[in-house]
2 protein chains.
Amino acid sequence: MPTTRRRPRSAQQRYQEAVATYVAAGGDESVQRVITAVNSLARKLDQWYARQLVDLDLTQGEWAVIAELATADGTPVTPSRLADAGNVAASSMTHRLDKMTERGLVRRSPDPDNRTRVLVELTDDGWGVFEAAVREANVVESDVLAGLGKKQRAELADLLEVVIADLDALET
Amino acid sequence: MPTTRRRPRSAQQRYQEAVATYVAAGGDESVQRVITAVNSLARKLDQWYARQLVDLDLTQGEWAVIAELATADGTPVTPSRLADAGNVAASSMTHRLDKMTERGLVRRSPDPDNRTRVLVELTDDGWGVFEAAVREANVVESDVLAGLGKKQRAELADLLEVVIADLDALET
DNA sequence: AACGCAGATTTCGATATCGAAATATTAGCA
DNA sequence: TGCTAATATTTCGATATCGAAATCTGCGTT
């Protein structure tokens, strides 16, 4: 144990200092409050997801693939789309899919319309893992939002959805 | 060019399908709307940050270190704290700090109070990079929030801050 | 004061990721 | 049709990350 055992600053305190620092460095306050909050929250969630994924013997990258495939909603998904979605190089996705195929989580098949393409799908096992993970994650996520009432959650979601709706227009 | 050039689904469409899928898999709707929105937004921001960081010749991991040090606000920062903050193993942080030290972005010094510890600080060059990055990022971030008025931004930030304030209580 | 335990960092071998080049197929055009 | 440019995926060598073990320091007990 170190001589001086510093208590770690609270997430709230760290958030406030971060906003102040970003503003001091030239950011707009109204922007930084929102963006910093979103990023802080997402990173904290990632930490919790990582712990839960250990139980399922999945890496965060593998989970990203499963989630992307599960939410594709019938649309065919190619390796390159998965790479984009996961912020990862296409060559990394090749290896990742190799391992996930070996484990029986996903299946590769040639695109009937275009032989340069490969389509990736979840297997039944893959779907099973997805549903187990969602139910487990929902527990933590509910706790995270426990401080907000039903009305506040809806308000928050509405505002975030406005931002998301604008997102595509920014893709230059 | 493939035979069928599918237009990629909009971010909004993908978000809505994701929420529907998570709910179908057993998640609460009021939870999934918020959490999915936060995660979608954060990942989209990460993509844009990655592009901007190329200009500064920084990886996302290196940026995470710089941001953590910049927002530490005078508090001493150890390698293990940086590893935690960046969701990365302590041994990876050792290597990352080696390279950043070589480049003159950060400085390691022994903790005067405890010789098992190492304290990490930004150099003047490191601060310069931080400020340049914040100003550049603020441009994109402002665009992302362009659809919200001043009042709505404040409302959104207020709600997110409630969630953040509750975060520490969940650290078991 | 000496001992053993706990914490922080680094070292080391295995694995994952990256970027560039290679391969294969398709689209567009003369 | 034949040719060239573009796209999707994989291969390959270099680098980054991981987890376990090693090293070192400081704390607490006897």
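A note on names: the letters A, B, ... follow the listed sequences, proteins ahead of strands, and every chain is numbered from 1.
Side chain of B:Thr116, nearest nucleotide from C:dA24, C:dC18, C:dA8: C:dA8. When distances are taken from the side chain of A:Thr94 to each of C:dT10, D:dT11, D:dA16, the shortest belongs to D:dT11. Listed nucleotides: D:dT9, D:dC18, D:dA16. Nearest to the side chain of A:Ser80: D:dT9. Comparing D:dG26, C:dA20, D:dT9 by their closest approach to the side chain of A:Ser91 singles out C:dA20. When the nucleotides D:dG26, C:dT10, D:dT17 are ranked by their closest atom to the side chain of B:Arg96, D:dT17 comes out on top. Checking D:dC18, C:dT25, C:dT10 against the side-chain heavy atoms of B:Val88 singles out D:dC18 as nearest. For A:Thr78, counting side-chain heavy atoms from C-beta on, the closest listed nucleotide (C:dT10, C:dT25, D:dT9) is D:dT9. Picking from C:dT26, C:dA8, C:dG19 the nucleotide with the shortest atom distance to the side chain of A:Ala89 gives C:dG19.
Projected onto DNA chain C by closest heavy-atom contact, A:Gly61 and A:Arg115 fall at different nucleotides, the more 5' of which corresponds to A:Gly61.
Residues B:Ile164 and A:Gln12 come closest through the heavy atom pair CG2-CA, 3.9 Å.
The environment of CG in B:Asp55 is crowded: more than 12 heavy-atom neighbours from other residues, nucleotides or ligands sit within 6.0 Å.
Atom NE2 of B:His95 is separated from atom C1' of C:dA14 by 16 Å (rounded to the nearest Å). Protein atom CG of A:Leu97 is 10 Å distant from nucleotide atom P of D:dT9, rounded to whole Å. Between the CG atom of B:Asp84 and the C1' atom of C:dT9 there is a distance of 13 Å, given to the nearest Å.
Contacts of A:Thr59 with the nucleic acid, taken as non-hydrogen atoms under 4.0 Å apart, are absent.
A:Glu68 pairs by the salt bridge (charged side-chain N to carboxylate O under 4.0 Å, His left out) definition with B:Arg14, not counting sequence neighbours.
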Can you give me every donor-acceptor pair (side chain of residues 148-162 of chain A, partner residue at least two apart or in another chain, under 3.5 Å) with its distance?
from     : atom 1 : to       : atom 2 : distance (Å)
A:Gln152 : OE1    : A:Gly149 : N      : 3.1
A:Arg153 : NE     : A:Leu145 : O      : 3.4
A:Arg153 : NE     : A:Leu148 : O      : 3.2
A:Arg153 : NH1    : B:Ser30  : OG     : 3.1
A:Arg153 : NH2    : A:Leu145 : O      : 3.0
A:Asp158 : OD1    : B:Arg33  : NH2    : 2.6
A:Glu161 : OE1    : B:Arg33  : NH2    : 3.1
A:Glu161 : OE2    : B:Tyr15  : OH     : 2.5
A:Glu161 : OE2    : B:Arg33  : NE     : 2.9
A:Glu161 : OE2    : B:Arg33  : NH2    : 3.3

